2 protein chains.
Amino acid sequence: MAISSDMIKDCPYFTVQKVLAGKWSLLILHFLSEETLRFNELQRKLDNLTHATLAKQLKALEKSGLIVRTEFAQIPPKVEYSLSDLGRKLQPSLDSLFEWGQEYLKYSSSKN
Amino acid sequence: MAISSDMIKDCPYFTVQKVLAGKWSLLILHFLSEETLRFNELQRKLDNLTHATLAKQLKALEKSGLIVRTEFAQIPPKVEYSLSDLGRKLQPSLDSLFEWGQEYLKYSSSKN
DNA sequence: CTGCATCCATTCAGATACTG
DNA sequence: CAGTATCTGAATGGATGCAG
């Protein structure tokens, strides 16, 4: 259903929308673009986010191939997340969106 | 709920995610960036989309201030949609995302 | 520290049908 | 031609608790 046949394959916009669907995707990608982070470090940066929710988002991003999960076999467990090549390629777009977001905020605050 | 106090105001990423949340936002913005369109013209471009759904998306985008609705007082009714200044400013980001989407599709198809 | 399973609440796309 | 109202089902964010 939704968009049939060709479009779903041909349309990059659709892909983008799918990948960025996660409510926290942008934030996560942003933080990971600055540095590789462990699960808990990431969670601390994203306050107000339970570990279950974060886990789901990370899993989704990993499945999309945007981030890389590296597990260290040790006690206590340690897992690091970083951007994949694909994720790194997205960064310019991210920066661009970030700037636009600032414009938007500026605009709407002057509007009120 | 979710992200409290400052972050929600300060974080452009959050704004972006809110605006692009709609499943069809990217497509709609794309088509409108090429030309001003009437409701039905837009719907024809977005096949597989009921007018009710499209109406909701357009309303959301209009509320976000990304598109402009122009109504002509005539029979039969005529309404045109076009990008606002804010919407136009988003275009570079859109293009950037589009390119990335293509990369993504290329990558995943070679991966399979 | 990290992750999974479960349940709940909400959100939202989509279908249908009705109005001017 | 354009828009609205209502309903449904699916997806998903989020809370809690349990397990390596």
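In what follows, every chain begins at residue 1, and chains take the letters A, B, ... in the order their sequences are listed. Note that this is a predicted model, so its numbers are computed, not measured. Just the heavy atoms: all of them, side chains too, but no hydrogens, waters or symmetry mates, feed the values below.
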Engineer: With a 4.5 Å heavy-atom cut-off, do A/S64 and B/Y104 have their side chains touching?
Structural biologist: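 Sidechains of B/Y104 and A/S64: in contact.
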Engineer: How many whole angstroms separate atom CD of A/Q43 from atom P of C/dC1?
Structural biologist: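 About 9 Å, once rounded to whole Å.
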Engineer: Rounded to whole Å, please give me the gap between NZ in B/K56 and C1' in C/dC12.
Structural biologist: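 Rounding to the nearest Å, NZ of B/K56 and C1' of C/dC12 are 7 Å apart.
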Engineer: Does the D/dG13 base have a donor-acceptor partner in the side chain of A/H51 within less than 3.5 Å?
Structural biologist: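 Not at all, since no donor on one side and acceptor on the other fall under 3.5 Å apart.
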Engineer: Quick one: B/I75 CD1 to D/dC1 C1', roughly how many Å, whole number?
Structural biologist: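 Roughly 9 Å, once rounded to whole Å.
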Engineer: Does A/V79 or B/P77 map to a spot on DNA chain C nearer the 5' end, using the closest nucleotide for each?
Structural biologist: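 Result: A/V79.
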Engineer: In terms of side-chain heavy atoms of A/K59, which of C/dG20, C/dA13, C/dC4 is nearest?
Structural biologist: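 Of C/dG20, C/dA13, C/dC4, C/dC4 is nearest to the side chain of A/K59.
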Engineer: If the threshold is 4.0 Å, N to carboxylate O, is there a salt bridge linking B/E35 and B/K45?
Structural biologist: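 Yes, this pair counts.
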Engineer: Hey, any chance A/L58 and A/F72 share a hydrophobic cluster, counting ILVMFWY side chains that come within less than 4.5 Å of each other, even indirectly?
Structural biologist: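 Not linked; separate clusters.
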Engineer: So, does A/T50 get its side chain near the phosphate of D/dA15, meaning an N or O under 4.0 Å from OP1 or OP2?
Structural biologist: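 So the side-chain polar atoms of A/T50 do come within 4.0 Å of the phosphate oxygens OP1 or OP2 of D/dA15, strictly under.
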Engineer: Nearest whole Å is fine: how far is C/dC12 C1' from A/K18 NZ?
Structural biologist: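 Atom-to-atom, A/K18 to C/dC12, this comes out as 18 Å.
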Engineer: On the nucleotide D/dA2, are OP1 or OP2 found under 4.0 Å from the side-chain N or O atoms that B/R38 carries?
Structural biologist: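 Yes, such a contact exists.
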Engineer: Quick check on DNA chain D: between B/L58 and A/Q57, whose nearest nucleotide comes earlier from the 5' end?
Structural biologist: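 First, find each residue's nearest nucleotide; the 5'-ward one identifies B/L58.
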Engineer: Distance check needed: C/dC1 P versus A/E80 CD, whole Å only.
Structural biologist: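 My rounded result for the distance is 15 Å.
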Engineer: Would you mind classifying the nucleic acid contact of B/E71 as base, sugar-phosphate or nothing, using non-hydrogen atoms under 4.0 angstrom?
Structural biologist: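 Since no nucleic acid heavy atom lies under 4.0 Å of B/E71, the category is nothing.
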Engineer: Using only side-chain N and O atoms of B/W24, determine if any of them is under 4.0 Å from OP1 or OP2 of C/dG14.
Structural biologist: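 Answer yes for this pair, as a side-chain N or O of B/W24 is under 4.0 Å from OP1 or OP2.
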Engineer: Describe the nucleic acid contact of B/F72 in one word from base, sugar-phosphate, nothing, applying a heavy-atom distance below 4.0 Å.
Structural biologist: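 Since no nucleic acid heavy atom lies under 4.0 Å of B/F72, the category is nothing.
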Engineer: Quickly work out the A/Q17 CD to D/dT12 C1' distance and round it to whole Å.
Structural biologist: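 Going from CD in A/Q17 over to C1' in D/dT12 covers 13 Å.
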Engineer: Counting heavy atoms from C-beta on, name the nucleotide in D/dC1, C/dA15, C/dA5 closest to the side chain of A/A52.
Structural biologist: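 The answer is C/dA5.
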Engineer: Shortest non-hydrogen contact from A/Q43 to A/T50?
Structural biologist: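 In this case the closest contact between A/Q43 and A/T50 is NE2-C, 3.9 Å.
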Engineer: How many Å lie between CD1 on A/I67 and P on C/dT2, as a whole number?
Structural biologist: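 Computing the A/I67:CD1 to C/dT2:P distance gives 14 Å.
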Engineer: Looking only at side-chain atoms of A/P76, point me to the closest of C/dC1, D/dA2, C/dG14.
Structural biologist: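 The answer is C/dC1.
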Engineer: Do the rings of A/H30 and B/Y13 sit parallel, tilted or perpendicular, given the 30° and 60° boundaries?
Structural biologist: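 Because their plane-to-plane angle lies in the 30° to 60° range, the rings of A/H30 and B/Y13 count as tilted.
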Engineer: Atom CG of A/L54 to atom P of D/dG13: distance rounded to whole Å?
Structural biologist: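 Spelled out: CG on A/L54 to P on D/dG13 is 12 Å.
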